[in-house]
Amino acid sequence: MRENRPHLSVVVHGRNVQGHLSESLDAVARQAGTDVEVVVAAVGTSARAAAARHPGLTLVALPDATPDGAARAAGAASARGHWLHFVHSKDSVPPGAARAVAERAAALPDTVDVLLTDHTRSTWRHTRLPSPDGRFLAKPGRREVSLADCPDLLKVTPLLGNRVLRRDFWQAHQDQLATDDELFTAYAALLAADRIAVLGQAALEERRLRPESLPPPTADDRFALLRTYERLLRLAERSAAGPGPSEVLYAAMVTACLRTVARAGLPEPVAREFFHRASLAAVAFRPPGHRRPGGLEGVRRRLLEEDAYTKYRAFQLANQQRRKLRSAVAGGRRKAAKTVRAVQYHQDLRRPVDPRLAVFSAYWDRGVACNPGAIAAKLAELAPHIHPVWVVSRANEPLLPPGTDHVVPGTRRYWRVMATAKYLVNNANFPNAIVKRQGAVHLQTHHGTPLKRMGLDQLDYPAAAQGLNFHELLARVDRWDYSLSSNSHSTETWQRAYQSRYVELDHGYPRNDVYYTATAADVRAVRDRLGIAPGKRALLYAPTHRDYEATWTPRLDLAALADRLGDDTVLLVRGHYFYGGGTGSPLTALRRTGRVVDVSAYDPVEDLALAADALITDYSSIMFDYANLDRPIVVYADDWETYAKTRGVYFDLPAEPPGAVARTQEELTRILTTDAWRDAAARRARAAFRRRFCEFDDGRAAERVVRRVFLDEPDSALPPVVPLDERTPAPTPEEAVR
């Protein structure tokens, strides 16, 4: 009799790639039960944290540098199931699939080593596309077959995740299968199996990462692909499965080699050498009696076998020109008139990159602000040889600090500066027309910690994504060299929402430095400018925008709230809350008494935070920044369900808030008129929130960014992030008057 253990162990393994592990575990954890256990071989801190949020799963904690093969082996060693289903951390298991696999596997005889399943494919743009494997999987039906009986099973997409392995089989072949080369492992599992069974249902959702988000393949990576196929063909020659598997693998190798040579961007010497080695392999491993296909593919293969690289390139070029000609005839001749400025811009792109020139923009050219502003200030201190120029719209020119060197979009100097600057810094994105030059450095600073869905994560939320062209967005993202982050949550979110090949800078937000460097005199000065008398409580109310509302809708009756809070409280309101308020409105009277101050146009917002004893907000990212001050935060979430459903969110804010939560104005009033806004429960919530979201903000973020990006100092030379418990925030207004 079998031991009392589950039929199936789903072994999720690897690091938390682009933050996908949490979704993967959410999907697979719902399928755990008596017959299905889930083991997570979590590589690195982020993966361990994601796994820890699912206490019902078996966690195998592994160091950061653990490769996939070793992670897979460690997970299997802790698994108890009769069958092992290896799922990479970026991938997932469709609903109900784990139970279907367990039921099918439990009914199989002990002679079956591998259960081959279907899978779906997901990309940044599409979800669960069907695989092309159905016709191959249909051939055996419900029969258990050998590879000799059905060599076309090798044509099933070579993924380890669509091969479920008998535990005893895995242990017998672990040395061969616990490799980092998934292509080899996927094929080798079928070559080593005595019998194979098939399940036509998709048991894997393969998530294909955007190539631009991965490290570029090296020359050795190209040659490693060829070595993998050579190794597999030797295995096939030694197997008892006959000539069929060799035929299938040979065709796969030749196709992969020709595809590699055809790829754009492969350096000519590498392409020529790869072609030569592929030619040797194509001749050495050609199965007896093998016949090339007809047509163009047959010509390509003949040229490969002849090692005729020059002829192959000429043949490839002729075909490309033929396709272009057909396209031109079919689509007509499109004429694009270029403006004089566009011509001038492209002329300027031929000028040398100026290593002493940096371009800054914030909030779509609104002026000196946010992270770019803080970086520019620190740049003047640490690298005064680099000249900053701000991109500012015509409407915002009058608001610039005196003496700010700037350009207006579309002007002649604007195009010259954009073409020649080495450094381009933005908290949004530069226009599509801007070309990323070799030698230029683009720094994306972002402008908040994400609660709401961003980038590609908005695909399922049309209200949030209206008018957004995701292909153009990704083209802009591909220009980034660096992406700045203030916490691990943001880093993982950016990886998934903006999939490209930039370097993550876990340095903190420079705009938040002031929350640790401001003095008591600074706090007093801001309150004086705002007209807040000493001893009065100042509450900053800063709500966010609703994508699902065509026009602005007030969430609070500010007159009633101010009346209940009394003369000792001042409401600093940052938003469009006085639209339509005439001279006789209640708010007009409140403004005259100083009980409501409209700070919607006041900049910088960091000053308002320093002046406030507490923050009232709904879903605005200001809460993450304000938490650095370790002052009370009250969340007014009157429409949370609607906001979460239409905008999309990354976590349940009312369940994990930075302080007290109100769902109605009456609840908010009660919180603010009692001690609930700053009691022990509020402090505990704020402490947990700060630990999660104030991770890298310590007052020296701007210095780290300037030294790393502009002065090219190594990470080891940068000021280390001060632990949260050792930081001292700016004085509170109460402390500032002592």
Side-chain angles (χ1 to χ4, degrees), residues 158 180-184 208-233 249-286 292-293 295-328 346-353 355 419-420 422 434-442 471 474-475 477-481 499-503:
D180 299 333
D181 187 344
E182 183 180 2
L183 179 69
F184 176 83
R208 296 192 176 181
L209 303 177
R210 188 167 180 261
E212 291 83 357
S213 72
L214 303 173
T218 63
D220 189 61
D221 292 332
R222 309 296 193 192
F223 295 119
L225 174 69
L226 183 56
R227 292 194 295 269
T228 293
Y229 275 109
E230 291 173 339
R231 186 179 172 196
L232 287 167
L233 283 162
L249 286 172
Y250 179 81
M253 178 189 73
V254 172
T255 298
C257 289
L258 290 174
R259 185 179 296 127
T260 298
V261 175
R263 281 198 176 98
L266 196 63
E268 184 66 15
V270 174
R272 185 178 291 275
E273 177 62 20
F274 182 89
F275 193 90
H276 172 65
R277 295 192 196 180
S279 176
L280 295 176
V283 173
F285 291 98
R286 180 173 177 174
R292 289 190 295 266
L296 297 179
E297 183 62 19
V299 176
R300 292 187 187 95
R301 294 194 181 194
R302 177 175 59 80
L303 293 173
L304 177 65
E305 291 179 29
E306 294 173 357
D307 198 11
Y309 178 76
T310 302
K311 290 182 179 179
Y312 175 83
R313 282 300 193 203
F315 177 75
Q316 182 185 31
L317 179 61
N319 280 316
Q320 289 173 348
Q321 291 174 339
R322 191 178 299 115
R323 286 195 297 269
K324 288 180 180 178
L325 181 60
R326 285 199 301 265
S327 175
H346 285 279
Q347 290 173 344
D348 288 336
L349 288 171
R350 292 194 287 271
R351 291 173 175 269
V353 171
T420 57
K422 176 171 182 177
I434 300 303
V435 175
K436 171 62 186 298
R437 294 191 62 180
Q438 185 175 2
V441 176
H442 285 238
H471 292 282
L474 288 173
V477 171
D478 286 341
R479 297 187 304 220
W480 301 356
D481 292 288
Q499 297 174 18
S500 196
R501 208 172 282 147
Y502 49 78
V503 174

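Note that CZ of Arg272 is 14.5 Å distant from CZ of Arg277, once rounded to the nearest 0.5 Å. Rounding to the nearest 0.5 Å gives a distance of 10.0 Å between CZ of Arg227 and CG of Asp181. Between the CG atom of Leu280 and the CG atom of Leu226 there is a distance of 9.0 Å, given to the nearest 0.5 Å. In this structure, Met253 CE and Leu258 CG are separated by 9.5 Å, a value rounded to the nearest 0.5 Å. Summarising the geometry, atom CZ belonging to Phe274 is positioned 5.5 Å from atom CG belonging to Leu225; distances are rounded to the nearest 0.5 Å.
Remark: Lys311 does not engage Glu306 in a salt bridge, criterion side-chain N to carboxylate O under 4.0 Å. A salt bridge between Glu297 and Arg300 is present, with a side-chain N of the basic residue lying under 4.0 Å from a carboxylate O of the acidic one. Look at Arg210 and Asp478 and you find a salt bridge, because one of the NZ, NE, NH1 or NH2 atoms lies within 4.0 Å of a carboxylate O, short of that distance.
Between Gln499 and Glu212 there is no side-chain heavy-atom pair separated by less than 4.5 Å. For the pair Glu273 and Tyr309, the minimum side-chain heavy-atom distance is 4.5 Å or more. Side chains of Arg313 and Val261 form a contact here, defined as non-hydrogen atoms less than 4.5 Å apart. Side-chain contact check for Phe285 versus Leu249: every heavy-atom pair is 4.5 Å or farther apart.
Checking side-chain atoms of Arg351 against main-chain N and O of Thr420 turns up no donor-acceptor pair under 3.5 Å. Side chain of Arg437 to main chain of Leu349: a donor-acceptor pair is present (N/O by atom type, distance under 3.5 Å, no hydrogens or angles). Using a distance-only test at 3.5 Å, with no hydrogens or angles considered, a donor-acceptor pair links the side chain of Lys436 to the main chain of Arg479.
Tyr312 and Ala262 get closest at one heavy-atom pair: OH-CB, 4.2 Å. Val270 and Phe223 get closest at one heavy-atom pair: O-CZ, 4.1 Å. A pairwise comparison of heavy atoms in Arg301 and Ala251 identifies NH2-O, 4.0 Å as the closest pair. Heavy-atom minimum distance, Leu304 versus Phe275: CA-CZ, 3.6 Å.
Every residue meeting the side chain to side chain contact (heavy atoms under 4.5 Å, CB included) condition with Pro216, not counting sequence neighbours, appears here in chain and number order: Arg501. In this view, Tyr502 and Trp480 satisfy the ring pair (Phe, Tyr, Trp, His ring centres under 6.0 Å) rule, not counting sequence neighbours.
Side-chain contact check for Asp307 and His276: at least one donor-acceptor pair (N or O, by modelled atom type) lies under 3.5 Å.
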